[in-house]
Amino acid sequence: MHIMADKLLSRYQELKSQINFHNHRYHVLDAPIISDLEYDRLLNELKKIEAEHASWITSDSPTQRAGARPADRFDKIRHPAPILSLANAFGADDARAWLERVKRIDDRVEKAKFVVEPKIDGLSVVLHYRDGMFVQGATRGDGEIGEDITSNLRTIRAIPLKIPVNGEQLSVKNVPKYLVVRGEAFIPIKEFEELNRKLEEAGTKTYLNPRNTAAGSLRQLDPVLTASRPLTLLVYQIIHSEGGKAPTSQWEILEYLKALGFPVANVSKRFDDLESAITYTETWNEGRDKLSYEADGMVIKIDDLNLAADLGFVGKDPRGAIAFKFPAREVTTTLNDIGVAVGRTGVLTPFAILEPVEIGGVVVERATLHNFDYIAEKDIRVKDRVLVKRAGEVIPYIIGPVVDARSGKEKKYKPPANCPTCGQPVEHLEGEVAWYCVNSACPAQLLRNIEHFVSRGAMDIVGLGIKIVEKLIETGKIKDVADIYTLKRADILDAVTKKERKTKVEPPGKIADNLLLSINNSKSQPLSRLIAALGVHGVGEVMARDLSQNFSNLDEIAKAKVDDLMQIGGLGPNIAESIVDWFAVPFNRQVLKKLKSAGVWPQGGQSSMSSNVSDKFANLTFVITGTLPTFSRDDAKAFIESHGGKVIDSVSKKTSYLVLGENAGSKLDKAQSLGVKIITEPQLRKLVGG
Ligand code: IVH
């Protein structure tokens, strides 16, 4: 009995460290080595053990990230050392003048090295670790005293709950008994756009910019809300360290923090002189759109931290570093008109049609106006002079009107009463900011529906681009998503526009053939993909997977009642209702019928771990190498596994097949020398009769 418990306890500890390791690979290094499914499997096993042995749970368990209950206020925390700010430099000459000033204070500066880091536009946070455990986290506050937001910070997966994060590449031996680090919490641009897209679809208010959203998210009293926001973090400073030796140069600090398992900006670099640091900084001014987060400049820091400390401060700004600011990307222009776009779920979104204006090297003609309430709140009028901001890849947005510049000719704006695309009356739901076009056959919605249906996380139909879809809708060849499966070669040839024919490297015939192949291949996508592709309000990839495990096909889901659906873990009444509503719409029922008769009718019904389509690959092992024509690595793996096969990393004599793509590496040589059978993706599909 005891032996069993011992075994289970050591399995529990192993799971915990494995999950933390994979969490670090995913959220810090951005280089996962297992699939989400495998990750979930580990997590589920861990949860099961915790359910039986609550006394084993420690605060570094991955399940302890979002458990905390809402607070009614934040406690104050005194920082162990002041959380400083930075003086600004606006251009190279400012930076040079800074260096001249500090040289006069200390001639060691003459030989100084410099570290350049991105100046992330987020929120400064302070993280405390005792004996390697994350014990407390705070906002910057006034620099002396911040607010205790520990429970919120725990939900950020990039923040290690325990350091060093286990993993062979981490080599720090003596972790200080008490370590306090500082970093910047933020929402990456892509995630911000994605969040807004979802909010827009749901008819709720969208956020103005990543920074405000990050700030608001961290100051939520309910950590569950914080957990739902795509926050992440990069660290750059040690505020305090006891019992252990922290490095004394900024560059080594970054390396050290990275080795402990913290996320550190990978664009940071060290230079031997200021001019090289400036040159590098300027390349990021030009290339700032390539960063995945908003940066309002780069920070240039004297590498030698003892020297930097000796230089002292001007007010709260240390002399040893300077913020090299990028030019602001805000300009004024005229709002020529307000247009309205129709989204996939029928939400109408107003956008600004601007007098074209250059912002940071890009000509901007359109900007988002978020929603109709926003226009009213800001009193934005047509023909107003407006302040436009473009930051990173975030869609430019209107900050507000320049009221002083009004001439009296500006016109107040009234939202449309009819859908701008199909002309049907629009509807407004109580409690939502959005106005909807409720006509399922509205061509604007259809276009977005198809875009979603063919996208990578859904049916993954490569080559069905927006231009072709527009044409196919226009000519009446596509009236719903199911029509994709009845397209003829001639329809596609017709839709490939003349312009595209000229610019595309491939001849139209080839485009059409590839597309038809891709459409045909998509028929063997698993049920979870098809469910996600339908675009039911509130049903994303994860929910689709859960549904596919509990129902054997779409007809079964269509028959399900709200109560049946709510038997599925994690599925609340709102989503259940939304699913029932979707399947009740006659237009949608018709689509399902058409999909079925086109042979797009995958089966589900088992748990994903054994959701085998067939066992044709039972006892066979596969190695994949190179880039496959239509499958991603994950897709290929899922495909093989769904037929009972196993995918492994390296070729051996026992390997049944090497699946060969473009730019294959040494695995090909090895397979050839061992006489392993080599096949291509189409041959792989053929093996199962696909
Ligand atoms: S260093 C002595 N490094 O910019 C250390 N700050 O005005 C002073 N920030 O409040 C800060 N990225 O929130 C530093 N790589 C970075 C930074 C950074 C963003 C923020 C920080 C600070 C503000 C400076």
Side-chain angles (χ1 to χ4, degrees), residues 79-90 94-95 98 102 112 114-127 137-147 149 153 158 180-189 210-212 214-215 218-219 231-241 246 248-258 262-271 277 280-281 284-285 288 291-326 328 391-392:
H79 301 305
I83 305 304
L84 301 167
S85 172
L86 286 172
N88 291 329
F90 298 96
D94 264 10
W98 161 68
V102 288
F114 300 87
V115 173
V116 177
E117 298 168 13
K119 186 172 179 312
I120 299 154
D121 203 3
L123 232 78
S124 241
V125 295
V126 181
L127 312 171
T139 60
R140 175 172 188 271
D142 63 3
E144 306 276 335
I145 291 171
E147 283 179 317
I149 52 164
L153 289 169
V180 183
V181 301
R182 172 184 184 181
E184 202 77 0
F186 61 95
I187 294 180
I189 294 168
R211 207 205 103 89
N212 289 359
L218 279 175
R219 298 199 72 266
L231 286 158
T232 187
L233 161 116
L234 289 167
V235 302
Y236 52 81
Q237 197 187 3
I238 291 182
I239 297 291
H240 184 78
S241 154
T248 55
S249 93
Q250 177 62 15
W251 184 248
E252 285 162 13
I253 294 265
L254 296 180
E255 302 260 275
Y256 176 76
L257 291 171
K258 206 189 296 177
F262 287 103
V264 173
N266 58 9
V267 299
S268 300
K269 268 201 162 126
R270 178 160 65 171
F271 296 94
Y280 183 64
T281 297
W284 278 113
N285 179 25
R288 62 202 266 200
L291 294 171
S292 59
Y293 40 81
E294 280 192 356
D296 54 349
M298 301 295 273
V299 186
I300 303 182
K301 299 179 177 175
I302 289 181
D303 188 35
D304 178 346
L305 294 176
N306 290 324
L307 170 56
D310 288 348
L311 288 170
F313 311 91
V314 184
K316 278 190 179 171
D317 306 334
R319 286 204 182 87
I322 194 133
F324 190 116
K325 300 275 278 202
F326 296 148

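Remember, it's 1-based here, ligands and their atoms both numbered in the order they're listed. In what follows, every heavy atom counts, from backbone to side chain, and hydrogens, waters and symmetry copies are set aside. All values derive from a computational prediction rather than experimental measurement.
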In the structure I gave you, are the side-chain heavy atoms of [X] and [Y] within less than 4.5 Å of one another anywhere?
X      : Y      : answer
Tyr293 : Thr232 : no
Ile189 : Glu294 : yes
Ser85  : Phe313 : no
Val126 : Arg140 : no
Leu291 : Trp284 : yes

Mind telling me whether Trp98 and Phe114 have parallel, tilted or perpendicular rings, with 30° and 60° as the class edges? perpendicular
Pairwise, report which nitrogen or oxygen atoms of ligand 1 are under 3.5 angstrom from protein nitrogen or oxygen atoms, and how far apart they are.
unit_1: ligand 1; atom_1: 3 (N); unit_2: Lys301; atom_2: NZ; d: 3.0
unit_1: ligand 1; atom_1: 4 (O); unit_2: Lys119; atom_2: NZ; d: 3.2
unit_1: ligand 1; atom_1: 6 (N); unit_2: Tyr236; atom_2: OH; d: 3.4
unit_1: ligand 1; atom_1: 10 (O); unit_2: Arg182; atom_2: NH2; d: 3.1
unit_1: ligand 1; atom_1: 12 (N); unit_2: Ile120; atom_2: N; d: 3.2
unit_1: ligand 1; atom_1: 13 (O); unit_2: Ser124; atom_2: OG; d: 3.0
unit_1: ligand 1; atom_1: 13 (O); unit_2: Glu184; atom_2: OE1; d: 2.8
unit_1: ligand 1; atom_1: 13 (O); unit_2: Glu184; atom_2: OE2; d: 3.2
unit_1: ligand 1; atom_1: 15 (N); unit_2: Glu117; atom_2: OE1; d: 2.8
unit_1: ligand 1; atom_1: 15 (N); unit_2: Pro118; atom_2: O; d: 3.2

